[in-house]
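Each ligand, and each atom within it, is numbered from 1 in the order the structure gives.
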Amino acid sequence: MKEQVQKTFEALFALEDIREVLREALPTGPDPGEEQAIRAGVARVRAILDDLEAGTGSPSVTKIAGSLGIRNREEEIINIQPIQAAGRLTPEARKALIAYGDGYSTCDACRKPFRLDKITKPPIAAFHEDLARFLNMDVARVVSGARRGFQAVTSTLVGKGDPVIVSALAHYTEFLAVEGAGGAVKEVPVSKQNLVTPDAVAEKIEAVLRETGKTPALAMIDHVDYLFGNVHDVAGIGKVVHQYDIPFLVNGAYTVGVMPVDGKALGADFVVGSGHKSMASPAPSGVIAATAEWAPRVFRTTAMTGDLTHRKFGIKEVEMLGCTLMGANLIAMIASFPTVRERTLRWDEEVKKSNYFIDGLLAIEGTKVLSEYPRKHTLTKVDTTGSFDRVASTHKRRGFFLSDELSRRGIVGEFAGATRTWKLNTFGLSWKKIRYLTEAFQEIAAKYDLPLATGTGPA
Ligand SMILES: Cc1ncc(COP(=O)(O)O)c(C=O)c1O
């Protein structure tokens, strides 16, 4: 059924393509080139059909999305929204959403042993193995968001009153996961550069030991934090926490799916990633991976039986509530995976683009970068109080003037009216778009007489 629906969609869009091609190819009036034009048209139609048959082809997802009233935003605009950048879907994922939208669409061929990660058709089992390999971990599961990964680990390892090490830049969902398990967060302060250092982690552990007499049940550190997009020395921190025999969770919400992440090299016992944030997947989706040492605990199967019926559910994993990411979200995640895996290898280029843009922004006098600089990530916090915000104070649109100017140039994603200290993300923008973006900001600066400085560094 699913395949039929997809085929019908494709056929419809192919027809539309054909019509467009013919419209272009056929001249409106009598024309000596008519026959040639028709031939060219037919050749293009044939190419479209060939593509279709080969499954490589052109029934563009933009059109599918368009027919459903969904705009394919990124084709028309430049989006610098800080948290969406690496979650945007691939065309393959968009197709998968349509084909697998029905409820339990992934479960048609669920056979013994009845569990999502064991399904071979579609190849969900193989995807789990790919995911573990991708992160250089031993076992992986999909979850509905990074937060459910944190929760699985805290619920397994953290008991009432247990201290848990997090950083002062930890995401709120880590706090909630600790709270849900009855634990107590112990925050590691950050350095002047807003970095979490191994030394600071060691000091905090010592302080916790002194104050509570307890070894922390878990350390959870964000590989890249959500506030500054700074890259923290998680490998160094991993070494420290292991000296105290504390299990270590690396929160890769901003790294898994955009840059290479080698869990074992980081000393991670658990790596958690966010599908909708960084793996070109729909929300909610995410991943949790564990080492062979910890997997049996966090992915333990149920021992529960019914007291009346004595039913058993053997293979179902307690923390995963049996099965997790069923249906379209999972298949879309799988559909994006080849692209995601490949793009992590081009991370250096993403960082170069990020620095190119930030340098261009810093060239506008009064602008500062609050994140570490040069940039090591594409998520950056900037301070434009001394530049664009000076214009806002006298402009009749106040703080909205910058958003107005940007949207006139096809740039969206900043929080309109909240552009004093603010975050943006350049991930996935082509060099052409990066240059355009840089010029657009400088053009706006020039329009309002904000001078361009040379050799500007960070704050
Ligand atoms: C650093 C960080 N960790 C975790 C999360 C939660 O991720 P998810 O929405 O996948 O649960 C977010 C995003 O909201 C985040 O920015």
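Asn251 pairs in a side chain to side chain donor-acceptor pair (under 3.5 Å) with only one of the listed residues (His232, His171, Glu174, Arg147), which is Glu174.
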Show the distances, to 0.1 Å, for all pairs joining an N/O atom of ligand 1 and a protein N/O atom that are shorter than 3.5 Å, listing one pair per line.
residue, atom, partner, partner atom, Å
ligand 1, 3 (N), Asn251, ND2, 2.9
ligand 1, 9 (O), Arg147, NH2, 2.8
ligand 1, 9 (O), His276, NE2, 2.7
ligand 1, 10 (O), Ala146, N, 2.8
ligand 1, 10 (O), Ser274, OG, 2.7
ligand 1, 10 (O), His276, NE2, 3.1
ligand 1, 11 (O), Ala146, N, 3.1
ligand 1, 11 (O), Arg147, N, 2.9
ligand 1, 11 (O), Arg147, NE, 2.6
ligand 1, 14 (O), His171, NE2, 3.1

Only distances under 3.5 Å count here; give the side-chain donor-acceptor pairs of residues 196-205 to other protein atoms, sequence neighbours excluded, each with its distance to 0.1 Å.
residue, atom, partner, partner atom, Å
Thr197, OG1, Ala200, N, 3.1
Lys204, NZ, Glu187, O, 3.2

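Between Phe299 and Trp294, the ring center distance fails the sub-6.0 Å criterion. The aromatic ring centroids of Phe388 and Tyr448 lie 6.0 Å or more from each other.
A side-chain hydrogen bond (donor to acceptor under 3.5 Å, both in side chains) check over residues 206-217, counting only residues at least two apart or in different chains, returns the pairs Asp162-Lys214, Glu206-Tyr244.
Taking the ring-ring contact (aromatic ring centres under 6.0 Å, His included) definition, one finds that Phe228 meets it with nothing, sequence neighbours left out.
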